[in-house]
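Inspection log for the structure reproduced underneath, given as structure tokens.
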Amino acid sequence: MKILLAPSERKSLRGDKSFNISSFKELNPLREEAIKKYDEFIQKTDDIKNFGDIKTPIKERPAKEAILRYTGVAFEYLDYPTLPNEAKEYLNENLIIFSNLFGILKPTDLIPYYTLKQGSKPGFDIYKFYKKKVTEILDSLNEDFIDLRAKFYEKIYKPKNAVTFKFIKNGKVVSHFAKAYRGTLTRHIALHRPKTIEEVLKIEFPGIEIMEIQEKKGIKEIVCEIK
């Protein structure tokens, strides 16, 4: 069983390591091409909002672990640094982070700070660019997925066997703050280290109560009430 998580636009700026993505090496030729295109594009663009103002080539920037690079709401609530070692090891093995620039990553992959807003195109459609190969790689795992991404990332990969979560509070679907609940779920999954979806459903998540399970086309949606 693998956990799928979206990246965040908010990232930590610093790093003290060198660029090194060691996971999903089959993706490396595409990553190299995407990085080259991105580096060339940022030299020419003045779109600071979507691409930032750092012109240093990606591989020359200081790097750190992806799980520490992303600092948005979901990662804040996941709070990886405070997890016990066995929970960190579980995530290092089973968490897959979708990156707007690098395709898919494991938590320990060393990446730099970069700016690439969700949906922005650095001179090409980066989501279509990665989709076929990412789908091939992840389908070949023959795993069930706990899909905690925003639906946008189905542009890169839409799993056939997955569990998703819908959060309801006061009778309404939670949208923006759903990121916090996704981070909370990821943290407590890591703490319990389940091996199957059935074991995930037995976890008592703080402030989150599982109400019902809806299934459609192989996708199970867990409807949760926020207490």
Do [X] and [Y] meet the criterion of a side-chain donor-acceptor pair at a distance under 3.5 Å?
X: Asn92; Y: Thr108; answer: no
X: Asp147; Y: Tyr153; answer: no
X: Ser12; Y: Lys64; answer: yes
X: Asn85; Y: Tyr90; answer: no

Item to check | From CA spacing to verdict: ring-ring contact (aromatic ring centres under 6.0 Å, His included), Tyr181, Phe177 | outcome: CA-CA 7 Å; Tyr181 302 128; Phe177 208 68; 5.4 Å; yes

Checklist entry - Under a 4.0 Å N-O cut-off, is there an ion pair linking Arg149 with Glu154? => result no

Item to check | Carboxylate-amine/guanidinium contact Glu33 Lys37, below 4.0 Å | outcome: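 Lys37 and Glu33: salt-bridged.
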
Tell me if the [atom1] atom of [X] is crowded by more than 12 foreign heavy atoms within 6.0 Å.
X: Glu215; atom1: CD; result: yes
X: Lys155; atom1: NZ; result: no
X: Lys128; atom1: NZ; result: no
X: Lys169; atom1: NZ; result: no

Rounded to the nearest 0.5 Å, how far does [atom2] of [Y] lie from [atom1] of [X]?
X: Thr186; Y: Leu91; atom1: OG1; atom2: CG; answer: 7.5 Å
X: Phe145; Y: Lys160; atom1: CZ; atom2: NZ; answer: 9.5 Å
X: Ile146; Y: Thr196; atom1: CD1; atom2: OG1; answer: 9.0 Å
X: Leu5; Y: Leu78; atom1: CG; atom2: CG; answer: 7.5 Å

Could you check if a side-chain atom of [X] sits within less than 4.5 angstrom of a side-chain atom of [Y], using non-hydrogen atoms only?
X: Phe51; Y: Pro122; answer: yes
X: Pro81; Y: Leu68; answer: yes
X: Ser18; Y: Leu110; answer: no
X: Leu95; Y: Ile67; answer: yes
X: Leu27; Y: Tyr130; answer: yes

Item to check | Ring centres under 6.0 angstrom apart (Tyr80, Phe75) | outcome: no

Checklist entry - Below 6.0 angstrom between ring centroids: does that apply to Tyr127 and Phe152? => result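 Ring centres of Phe152 and Tyr127 closer than 6.0 Å.
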
Item to check | Full working for ring-ring contact (aromatic ring centres under 6.0 Å, His included) between Phe102 and Tyr114 | outcome: CA-CA 11 Å; Phe102 304 115; Tyr114 66 95; 5.4 Å; yes

